[in-house]
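For reference, positions follow the sequence shown, starting with 1. Since the model is a prediction, treat every value here as computed from it, not as a measurement.
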Amino acid sequence: MHEISFLNFAYTIFPDPNGKGVEAIKQKFNANIKAQFVLQSDYKEKLNVIMASGDMPDVVAVKDLDSNYYKWAKQGAFLPLDDYIDKYATFKGVPKTIYDQFRVNGKIYSIPMYAPTYTFSGTIRQDWLDNLGLKMPTNYKELLEVAIAFTKNDPDKNGKNDTYGFALGQDISPTHAMGAYWSPAWYHKDKDNNYIPGLIGPGRKEVIETLAAAYKEGAVTKDFAVLNWAQTNKEFYSGKAGIFIGTPTGMVEEYYTGLLKVNPTAKVAPIPFFKAPDGSQGNPKARGFFGLTTLSAKLKDDPDKINKILEILDYGRQFIPVAERTPQNQQFDWIMGGNGIGYEMIDGKAAPKAGQEANTPIQYMLQRHEFWKPWSPNDEANQYSIASYSSKEMQSFIATIEQMEKTYNKTPYDDPSNLVYSETRAAKGTELDKYLLGEQTKMISGQRPIADWDKVTEEWKGRGGSQLMKEINDGIKAVNK
């Protein structure tokens, strides 16, 4: 029997290392998983100590794609996995664009934990549009006109001056980007054909101009510069603002159902991605993974153990269609610990039983454990509207976002900067972004003229932005050789 040590980060669930799920894996795979789960906020420090000691467990989850990951890979701590990728369906199914994001010196040292590539898109009060006889906006000029109408024309027909257009919070969040062209992604190029960050690009400038014009008309959250994310959500879901964001996965159902309690006739609809001046229409992709699974380089002389680890990992990642996640599907039933034990069927859907995680083998199968995340063949296959939400109203709302993504995300964009590790971005990226967000906040609120756009860009470059651009562009060119 193979003894496999495993270190992973956790947020709220810390399964018993000797749970029944471990015993089930022993019986099925002839392997004993010796797992340790560490609180995510403490994980980086813990992992640094372990890696410095040279005593890396057989399998280690890496939470962040940071300088440590690259350092450890270059030092030879991790086992190269290139020769194994094609042997397992869930490894082979990972797009090259995802593997390319964490290659080191051309080699693959980890298997990614699944995350969808969906990012946020715009949403709008469709009932307000209908009440005012307005059409769905298709560009920023129309969006601005709608935002002002939402502010001045009593869109909820209650006879009060208590509504406005854009819900906005601190750090200009959400971005109100209606596609990759306007997003913070590295989409645009300068006169020297080098990529530039979206925050200084022409699309972003149009967004800031729109928000500044709306702010003058009272059509943006007045105190947005000091509102946190929860407060910003409240502006929209309490029925005050009419333009916000949505995404198929990770939405807070109680926010939406809360809006319906305040206003039962409320209808929120996704805003189709705008067509950009260059003809593109679609959003930037999210990175498509959350965390990485690495194997110790010390395993290189034990191919049987390597294959056993990868066999277990692959089995736990295999995608089962939503409709087949039932007790009748033996693989699903086993992974989830059995109907009535690790999970239960509620309204036709499998729901994990709280407190029973130690009974579920998936908790210990060498990857993201807090909820089952198989490697999906594509975002649509997850059917989040059905699988992730309970109320019919929320399911219907999310289904409209999924359909909008399917119809209008015609040119989804892979941000090339994701392929590059930059020392400057790691050391100063947050500080550089904060500077731009601060100056652009002043522009929205009228404290700095938008005519200063180029001046702010030059200031940003002088603070380290030029070096950041050089590193990113050198890296992109090296990857594309």
Over 12 foreign heavy atoms within 6.0 Å of [atom1], [X]:
X	atom1	value
K353	NZ	yes
E3	CD	yes
K222	NZ	no
K308	NZ	yes

Side-chain contact, heavy-atom cut-off 4.5 Å: [X] with [Y]?
X	Y	answer
I444	Q440	no
S417	R425	yes
D314	F91	yes
T90	Q367	no
Y389	Y256	no
S67	Y421	yes
N32	H2	no
N382	T249	no

Qualifying residue for ring pair (Phe, Tyr, Trp, His ring centres under 6.0 Å) with F244, from F150, Y255, W229: W229
We want to know whether [X] and [Y] form a side-chain donor-acceptor pair, criterion being a heavy-atom distance below 3.5 angstrom.
X	Y	answer
Q403	T407	yes
Y69	S110	yes
N307	Y88	yes
T117	D379	yes

Would you say [X]'s side chain and [Y]'s backbone share a donor-acceptor pair under 3.5 angstrom?
X	Y	value
E405	Y118	no
K107	D82	no
D66	A426	no
T293	L366	yes
S396	K392	no
E253	S391	yes
T360	E357	yes
T119	P284	yes
N8	F37	no
N153	P155	no

Could you go through the side chain to side chain contact (heavy atoms under 4.5 Å, CB included) check for L39 and F14 one step at a time? CA-CA 8 Å; L39 181 65; F14 301 85; 3.8 Å; yes
Measure up the F102 and Y99 rings against each other and bin them: parallel (under 30°), tilted (30 to 60°), perpendicular (over 60°).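 Perpendicular: the ring planes of F102 and Y99 meet at over 60°.
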Hey, what's the ring geometry for W182 with F274, parallel, tilted or perpendicular (30° and 60° as the breaks)? perpendicular
By side-chain hydrogen bond (donor to acceptor under 3.5 Å, both in side chains), which residues pair with K305, not counting sequence neighbours? D58
Is the shortest distance from a Lys or Arg side-chain nitrogen in [X] or [Y] to a carboxylate oxygen in the other one below 4.0 Å?
X	Y	value
K20	E23	no
K349	D347	no
D130	K267	no

Start with the C-alpha gap between T294 and Y109, add the side-chain angles, then the distance that decides, and say whether side chain to side chain contact (heavy atoms under 4.5 Å, CB included) holds. CA-CA 6 Å; T294 62; Y109 288 97; 5.5 Å; no
Residue pairs passing the side chain to side chain donor-acceptor pair (under 3.5 Å) test with at least one member in residues 162-178, sequence neighbours excluded, are N158-D162, Y164-T221, Y164-E235
Approximate separation, where rounding is to 0.5 Å, of [X] [atom1] and [Y] [atom2]:
X	Y	atom1	atom2	answer
Y181	D278	OH	CG	6.5 Å
L295	I309	CG	CD1	4.5 Å
Q395	E402	CD	CD	10.0 Å
L259	E393	CG	CD	11.5 Å
I85	I108	CD1	CD1	4.5 Å

For F120, give me all partners under side-chain contact (heavy atoms from CB on, under 4.5 Å), at least two apart in sequence or on another chain. I245, T247
Please list, chain by chain and in numerical order, all residues satisfying salt bridge (charged side-chain N to carboxylate O under 4.0 Å, His left out) with K141, sequence neighbours excluded.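 For K141, the residues satisfying salt bridge (charged side-chain N to carboxylate O under 4.0 Å, His left out) (neighbours in sequence not counted) are E145.
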What residues, two or more places apart in sequence or in another chain, satisfy salt bridge (charged side-chain N to carboxylate O under 4.0 Å, His left out) together with D100?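 By the salt bridge (charged side-chain N to carboxylate O under 4.0 Å, His left out) rule, D100 matches K96, R103.
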Of all heavy-atom pairs between [X] and [Y], which one has the smallest distance, and what is that distance?
X	Y	value
Y364	P15	OH-CB, 3.3 Å
K63	Y11	CE-OH, 3.5 Å
A149	L134	CB-CD1, 3.8 Å
I243	F236	N-CE1, 3.9 Å
T441	A225	CG2-CB, 3.9 Å
E324	N329	O-CB, 3.1 Å

Go through it in stages, so that I can follow the logic: the residues are R204 and L436, the test is side chain to side chain contact (heavy atoms under 4.5 Å, CB included), and I'd like the CA-CA distance, side-chain angles, deciding distance and then a yes or no. CA-CA 11 Å; R204 175 70 169 192; L436 289 176; over 6 Å; no
Please find out if less than 6.0 Å separates the ring center of Y413 from that of Y187. yes
Test side chain to side chain contact (heavy atoms under 4.5 Å, CB included) on Y215 and L211 and set out the steps. CA-CA 6 Å; Y215 189 86; L211 291 173; over 6 Å; no
Would you mind writing out the side-chain donor-acceptor pairs for residues 334-346 within the sub-3.5 Å range, not counting sequence neighbours?
from	atom 1	to	atom 2	distance (Å)
Y343	OH	D333	OD1	2.5

